[in-house]
Amino acid sequence: MAEAERIIGTPDIPDGSRAAQERPDGAAAPGEPSGAGTARTPVGGTGAAGTEGADGAAGSEAARPAEQAAPAHEGGTDGGAAGRPRGRRRIAVLFAVAAFAYALDLISKMIVVAKLEHHEPIEIVGDWLRFEAIRNAGAAFGFGEAFTVIFTVIAAVVIVVIARLARKLYSLPWAIALGLLLGGALGNLTDRIFRSPGVFQGAVVDFIAPKHFAVFNLADSAIVCGGILIVLLSFRGLDPDGTVHKD
């Protein structure tokens, strides 16, 4: 058989085709045009590029749910964090109102003591309203002068309660009301501590004297306004934490 093939001869086969036949994996020889190799690649459908494409698609599909889930997680986190800045803003309003009421009361009392005490009253609206400096050892509007120490303790307790309640404060009207209470209580407590006749027994400076009414000061006014606002908020069912109760 070998002798016959030698005599008859073998058909001329291009070197590239012969090399491709001799290679078991069908890959093109070095320098061979890539047409044959690229023609065979789609048969398996899994070349290097195909693998990378599949991996990229799988990675995109795997990443997409994570990206979709991320906003929900961030939204939940932001929702929880949003309550804290909101609560901080309400607390800031409370202390700003308290500081304003306290400063106004303190400045007015300093002016009254310096300019009006031991002087004739100043008529503002005829006999209906006048400024007259009076030292009051009792509660607001001149009541209970025999219980100065008790009223001092009550004012201190009110301040502590308001400070503790501020941690759960999410309502702006409540922040204003508690700020008025806090500023008024601090104003009168300052008089109780630092004015004569002694610590915790000091007399409060009153100077607003309407006709047929008790003499009071701006701290008393802030306390009354804050108390009225709290009563109205309670009737409306609004709690300090912002919840509303409907009957």
Side-chain angles (χ1 to χ4, degrees), residues 65-113 136 139-141 150-195 199-200 202 204-208 210 216-247:
E67 293 174 356
Q68 294 175 354
H73 176 70
E74 292 174 1
T77 303
D78 293 342
R84 291 191 292 271
R86 182 167 171 258
R88 293 192 188 100
R89 287 194 294 269
R90 300 299 181 261
I91 294 174
V93 170
L94 186 155
F95 287 110
V97 172
F100 178 77
Y102 177 73
L104 203 61
D105 177 71
L106 185 62
I107 294 172
S108 65
K109 289 175 179 176
M110 292 174 63
I111 295 174
V112 166
V113 171
N136 174 25
F141 307 108
I150 296 177
F151 293 134
T152 304
V153 173
I154 292 175
V157 171
V158 168
I159 293 171
V160 173
V161 170
I162 293 174
R164 291 178 61 88
L165 186 60
R167 296 181 300 176
K168 300 179 180 180
L169 186 62
Y170 290 92
S171 170
L172 181 59
W174 270 95
I176 296 174
L178 293 177
L180 290 172
L181 281 179
L182 181 59
L186 284 172
N188 285 337
L189 183 62
T190 301
D191 286 354
R192 305 287 187 192
I193 295 175
F194 296 105
R195 295 193 186 277
V199 178
F200 298 118
V204 176
V205 176
D206 291 335
F207 61 93
I208 303 175
F216 60 95
N217 55 40
L218 295 182
D220 298 333
S221 301
I223 292 173
V224 172
C225 291
I228 292 174
L229 184 54
I230 288 175
V231 172
L232 294 176
L233 294 175
S234 300
F235 273 117
R236 294 187 58 184
L238 181 61
D239 290 343
D241 60 359
T243 58
V244 179
H245 299 284
K246 295 182 179 180
D247 295 335

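Each side chain to side chain donor-acceptor pair (under 3.5 Å) pair with one or both residues in residues 93-103, not counting sequence neighbours, appears once here: Tyr102-Thr190. Identified under the salt bridge (Lys or Arg N to Asp or Glu O under 4.0 Å) test for residues 169-179, with sequence neighbours left out: none.
Put simply, the side chain of Asn188 reaches to within 4.5 Å of the side chain of Ile223, judged on heavy atoms.
In plain terms, the two heavy atoms of Val97 and Gly179 that are nearest each other are CG1-C, 3.7 Å. The shortest heavy-atom contact between Ala101 and Gly183 is CB-CA, 4.1 Å. Of all the heavy atoms in Arg192 and Asn136, the pair that sits closest is NH1-O, 4.0 Å.
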Identify each donor-acceptor pair in which a side-chain atom of residues 155-168 lies under 3.5 Å from a protein atom, sequence neighbours left out, and give them as a table.
| residue | atom | partner | partner atom | Å |
| --- | --- | --- | --- | --- |
| Arg167 | NE | Arg164 | O | 3.4 |

Considering only distance and modelled atom types, tabulate donor-acceptor pairs under 3.5 Å from the side chains of residues 230-239, sequence neighbours left out.
| residue | atom | partner | partner atom | Å |
| --- | --- | --- | --- | --- |
| Ser234 | OG | Ile230 | O | 2.9 |
| Asp239 | OD2 | Thr243 | OG1 | 3.2 |
| Asp239 | OD2 | His245 | NE2 | 2.4 |

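Taken from CZ in Arg90 to CZ in Phe95, the straight-line distance is 15.0 Å, to the nearest 0.5 Å.
For Ile107, the side-chain contact (heavy atoms from CB on, under 4.5 Å) criterion is met by Ile111, not counting sequence neighbours. Qualifying side-chain contact (heavy atoms from CB on, under 4.5 Å) partners for Phe207, counting only residues two or more places apart in sequence or in other chains: Ser108, Val112, Phe131, Asn217, Leu218. With sequence neighbours excluded, the residues forming a salt bridge (charged side-chain N to carboxylate O under 4.0 Å, His left out) with Asp105 are Lys109, listed by chain and number.
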